[in-house]
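Take a look at the structure set out below.
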Amino acid sequence: VIQIGNATEAQTKSALERFETLHDSAERVVVVLSGQFMQAGMATYFAPVDLASPSLANVAYDTLPLSALLAFLAEKPGKAALFLGEYPPEAAVGVQIDKGVGAFDVPQGVMVVRGTPKSVTEALRSQFLQAGVSTAKGAALAQGLTVSGFVSDLIPKKMTVRLRKP
C-alpha cells in the first residue's frame with residue numbers, strides 16, 4: 001500500500017516510482033486518486049497540491065499523467081482498477097487547459113470508477129473492498145459513480161486498506 005495525502009509534486013513522483021517498483025510483483029492493482037484533475041488536448045493529469053500556475057508548457061512535467069498509470073494498469077488485465085475522486089470542474093486554469101477529467105481510453109481489462117471524492121471513498125469502504133463482494137456487485141451497488149471498462153465477477157481476497165477522508 002502506497003498512501004499519501006495532499007501530495008506535492010515531489011511526493012507524487014516518488015509515489016509513482018514506488019508504484020512502478022511494486023506493481024510487477026502485485027497480483028492485483030488498485031489505484032485511487034482524489035483531488036484536482038486537469039486536461040490539455042487529449043490528455044488528463046492529476047494535479048499535486050503545490051502546482052502553482054499550470055501552463056501548456058509545464059503541465060505534462062509538473063503533474064501525474066493518467067496515461068502513465070493506465071499503462072501500468074494495462075499490464076494487469078482483469079486485475080486492475082482505477083478510482084478517480086474528482087472535485088467538480090471549474091473554469092479553465094490556463095490557455096488550452098481545463099479543470100476536470102477529460103475523455104480517455106480505458107485499457108482492455110481495467111475497471112475505471114469515477115465520482116466525487118466522497119462517493120468514491122464511500123463506495124470503496126462499503127462495496128468494492130469488502131470480502132466476498134465481486135467488482136461487478138460493487139459496481140451495481142455503488143451510488144453516484146460512473147463505472148467503465150472491465151467489470152468482473154472476481155471476488156477480492158481479504159485485504160487491508162487505509163483510506164483518508166477527502
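Sequence positions, counted from 1, serve as the residue numbers for this chain. Basis for what follows: all heavy atoms, side chains included, without hydrogens, waters or symmetry-related copies.
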Query raised in the report: Is Leu124 reachable from Leu141 through a run of hydrophobic residues whose side-chain heavy atoms are each under 4.5 Å from the next?
Result: no
**Report entry** Pairwise side-chain contact, Leu70 with Asp105, heavy-atom cut-off 4.5 Å (strictly under)
**Finding:** no
Query - Side-chain heavy-atom pair Val32, Leu84 within 4.5 angstrom cut-off - result: no
Query - From CZ (Phe83) to OG (Ser119), nearest 0.5 Å - result: 11.0 Å
Requested in this report: For residues Gln108 and Pro77, report the shortest heavy-atom separation together with the two atoms involved.
Outcome: O-CB, 3.9 Å
**Report entry** Joint cluster assignment, Leu22 & Leu82, ILVMFWY side-chain distance < 4.5 Å
**Finding:** yes
Query raised in the report: Is any side-chain heavy atom of Val113 less than 4.5 Å from a side-chain heavy atom of Thr146?
Result: no
Report summary line: Note: Ser148 and Val106 closest approach over all heavy atoms is OG-CG2, 3.9 Å
**Report entry** Separation between OG1 of Thr12 and CG of Asn6, rounded to the nearest 0.5 Å
**Finding:** 10.0 Å
Report task. Using a 4.5 Å cut-off on heavy atoms from C-beta on, say whether the side chain of Met38 contacts that of Val59. Result -> yes
Query raised in the report: Where do Arg28 and Lys76 land on the side-chain contact (heavy atoms from CB on, under 4.5 Å) test, with the steps shown first?
Result: CA-CA 7 Å; Arg28 297 183 185 139; Lys76 304 283 182 182; over 6 Å; no
Query raised in the report: Taking side chain as C-beta onward, heavy atoms only, is Thr63 less than 4.5 Å from Pro48?
Result: yes
Query raised in the report: Taking only residues two or more places apart in sequence or in another chain, which ones pass ring pair (Phe, Tyr, Trp, His ring centres under 6.0 Å) with Phe37?
Result: Phe46
Query - Rounded distance [0.5 Å steps], NZ in Lys118 versus OG in Ser34 - result: 13.0 Å
Requested in this report: Could you please spell out the steps behind the side-chain contact (heavy atoms from CB on, under 4.5 Å) verdict for Phe128 and Met111?
Outcome: CA-CA 12 Å; Phe128 288 100; Met111 179 177 70; 3.8 Å; yes
Query raised in the report: Does a sphere of radius 6.0 Å around NZ in Lys13 hold more than 12 heavy atoms from other residues, nucleotides or ligands, not counting ones at 6.0 Å or beyond?
Result: yes
Requested in this report: Please tell me if the side chains of Val101 and Arg114 come closer than 4.5 Å, counting only heavy atoms from C-beta onward.
Outcome: yes
Report task. Check whether any side-chain heavy atom of Gln39 lies under 4.5 Å from a side-chain heavy atom of Tyr45, and answer yes or no. Result -> no
Report summary line: Sequence neighbours excluded, the answer for ring pair (Phe, Tyr, Trp, His ring centres under 6.0 Å) partners of Phe19 is His23, Phe72
Report task. Examine Phe104 and Leu64 and state if one hydrophobic cluster contains both, with Ile, Leu, Val, Met, Phe, Trp and Tyr joined whenever side-chain heavy atoms are less than 4.5 Å apart. Result -> yes
Query raised in the report: At their closest point, which heavy atom of Lys79 faces which heavy atom of Glu27, and how far apart are they?
Result: CD-O, 3.4 Å
Query - Exercise: identify the closest heavy-atom pair between Val110 and Leu73 - result: CG2-O, 3.6 Å
Query raised in the report: Are any of the side-chain heavy atoms of Val147 and Val112 separated by less than 4.5 Å?
Result: no
Query raised in the report: Rounded to the nearest 0.5 Å, how far apart are CG of Asp62 and CD of Glu9?
Result: 4.5 Å
Report summary line: One should read off an interatomic distance between Asp50 CG and Gln11 CD, to the nearest 0.5 angstrom, of 8.0 Å
Query raised in the report: Taking a hydrophobic cluster as the set of Ile, Leu, Val, Met, Phe, Trp and Tyr residues connected by side-chain heavy atoms closer than 4.5 Å, whether directly or through intermediates, do Phe150 and Val31 fall within one such cluster?
Result: no
Query raised in the report: Got a sec: does the CG of Asp24 have more than 12 other heavy atoms crowding it under 6.0 Å?
Result: yes
Report task. Evaluate the criterion side-chain contact (heavy atoms from CB on, under 4.5 Å) for residue pair Thr116 and Val120; output intermediate values, then yes/no. Result -> CA-CA 6 Å; Thr116 65; Val120 167; over 6 Å; no
